[in-house]
Protein chains: 2
Amino acid sequence: MISYRDNIVFMIAKAHQRAQSVLKGHLQAFGLTPMQCLFMESLWEEDGLSVGEIGRRIALDTATLAGILDRMVTAGWVRREADPDDGRVARVYLTDKAGSAMTELAASIERTNNELLKSFSMEEKLLFKRFLRDIKE
Amino acid sequence: MISYRDNIVFMIAKAHQRAQSVLKGHLQAFGLTPMQCLFMESLWEEDGLSVGEIGRRIALDTATLAGILDRMVTAGWVRREADPDDGRVARVYLTDKAGSAMTELAASIERTNNELLKSFSMEEKLLFKRFLRDIKE
DNA sequence: CCTCAATCTCTTGCATACAAGATACTATAT
DNA sequence: ATATAGTATCTTGTATGCAAGAGATTGAGG
């Protein structure tokens with residue numbers, strides 16, 4: 001009988017919990033949640049993505065995205081525009097407010113990464129990331 | 001500028017997503033969610049824990065536990081009893097139904113672990129678990 | 001015995017998350 | 001031109017997850 005303490009699902013869930021908590025703390029100054037920040041990062045990489053494209057990039061259901069998008073629009077981080085060529089598609093663009101915050105935002109993420117992996121050597125970091133990618137594919 | 005794809009918080013979140021999804025699939029036959037299963041495992045280790053003790057063991061807020069506990073009681077997996085010595089404490093006990101299911105449940109968890117870590121050698125599994133524990137302490 | 005701080009549980013409010021279905025629009029085949 | 005299959009988004013319902021506060025009970029000190 002395996003204890004839940006050796007259950008890989010449980011161990012990942014708790015590592016996830018701690019990681020989210022640290023990032024959440026660093027993002028509080030911006031009034032952003034980790035997921036909202038990730039949402040913005042995908043647009044920083046390529047502005048004007050459709051809702052579905054954002055979902056595929058950050059691996060999120062459109063049902064979940066709808067709520068996040070609404071809150072981001074209300075908070076003034078992004079704006080939603082209908083695609084002129086395809087009436088089904090809603091495209092999302094970063095606002096100026098978002099663009100101005102990106103540098104500081106990236107610094108917060110960098111700090112979070114360093115804090116979480118403080119006790120890891122360079123080789124361990126790479127190995128850990130490989131493991132995370134290799135889980136189930 | 002770090003891409004979100006190299007962000008350790010994002011990578012853990014997505015590994016978490018995949019792990020939850022696999023376990024969820026294996027638990028569907030029981031009508032249990034991963035968290036409800038974890039809840040039961042803590043009681044399997046020590047029956048009659050208080051709500052707060054369960055929360056500390058599986059690292060969950062009592063606000064979250066309240067809802068989970070309600071659903072588990074309704075589904076007949078556990079029962080709630082007032083502690084005779086301390087009027088503030090609610091203790092939780094596994095039902096016979098839960099006891100009978102534990103062996104099969106453990107097998108599902110075992111299958112999930114193997115499936116998730118299929119491509120890992122024994123050394124890699126141990127290393128990965130150490131990394132997960134070492135994240136931020 | 002009484003007060004008060006500590007503890008335990010519960011409730012409310014907000015933010016993910018996903019399944020499943022509804023709706024609107026596009027593209028394809030006839 | 002039109003039926004239809006496909007695609008994109010949105011909505012609803014259920015289940016976590018945490019912060020903050022309310023309510024009940026206990027225990028320690030005076």
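Per chain, numbering begins at 1; letters A, B, ... match sequence-line order. All figures in this text were calculated on a predicted structure; none of them were measured in a lab.
Rounding to the nearest 0.5 angstrom, the gap separating the CD atom in E41(B) from the CG atom in L94(B) is 11.0 Å. Taken from CE in M40(B) to CZ in F30(B), the straight-line distance is 9.0 Å, to the nearest 0.5 Å.
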Verdict with supporting geometry, T112(B) and L27(B), side-chain contact (heavy atoms from CB on, under 4.5 Å): CA-CA 10 Å; T112(B) 303; L27(B) 291 179; over 6 Å; no

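The phosphate of dC18(C) has OP1 or OP2 within less than 4.0 Å of a side-chain N or O from Q17(B). Between T33(A) and the phosphate of dT16(C), there is a side-chain N or O to OP1/OP2 separation shorter than 4.0 Å. Q36(B) has a side-chain polar atom (N or O) that falls below the 4.0 Å cut-off from OP1 or OP2 of dT16(D).
Using bins of under 30°, 30° to 60° and over 60° for the plane-to-plane angle, the ring pair F128(A)/F131(B) lands in the perpendicular bin.
Judged purely by atom type and a 3.5 angstrom limit, Q36(B) uses its side chain to pair as donor or acceptor with the backbone of T33(B).
At its two ends the helix from dC1(C)-dG30(D) to dT30(C)-dA1(D) runs along axes set 0° apart, each axis drawn from five pairs and the angle rounded to 10°.
Straight-line distance from the CG atom of D70(B) to the P atom of dT16(D): 11 Å, rounded to whole Å. Put simply, CG on L23(A) is 14 Å from C1' on dA15(C), counting in whole angstrom units.
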Kindly give the atom pairs (protein nitrogen or oxygen, nucleotide nitrogen or oxygen) under 3.5 Å for nucleotides 5-10 of chain C.
from    : atom 1 : to     : atom 2 : distance (Å)
dT7(C)  : O2     : R88(B) : NH1    : 3.0
dT9(C)  : OP1    : V51(B) : N      : 3.4
dT9(C)  : OP1    : A90(B) : N      : 3.1
dT9(C)  : OP1    : A90(B) : O      : 3.4
dT9(C)  : OP2    : G52(B) : N      : 2.7
dC10(C) : OP1    : R80(B) : NH1    : 2.6

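The pair R80(B)-D70(B) meets the salt-bridge criterion, with a side-chain N (NZ, NE, NH1 or NH2) lying under 4.0 Å from an Asp/Glu carboxylate O.
At a threshold of 4.0 angstrom between heavy atoms, the contacts of I68(A) are confined to the sugar-phosphate backbone, with no base atom among them.
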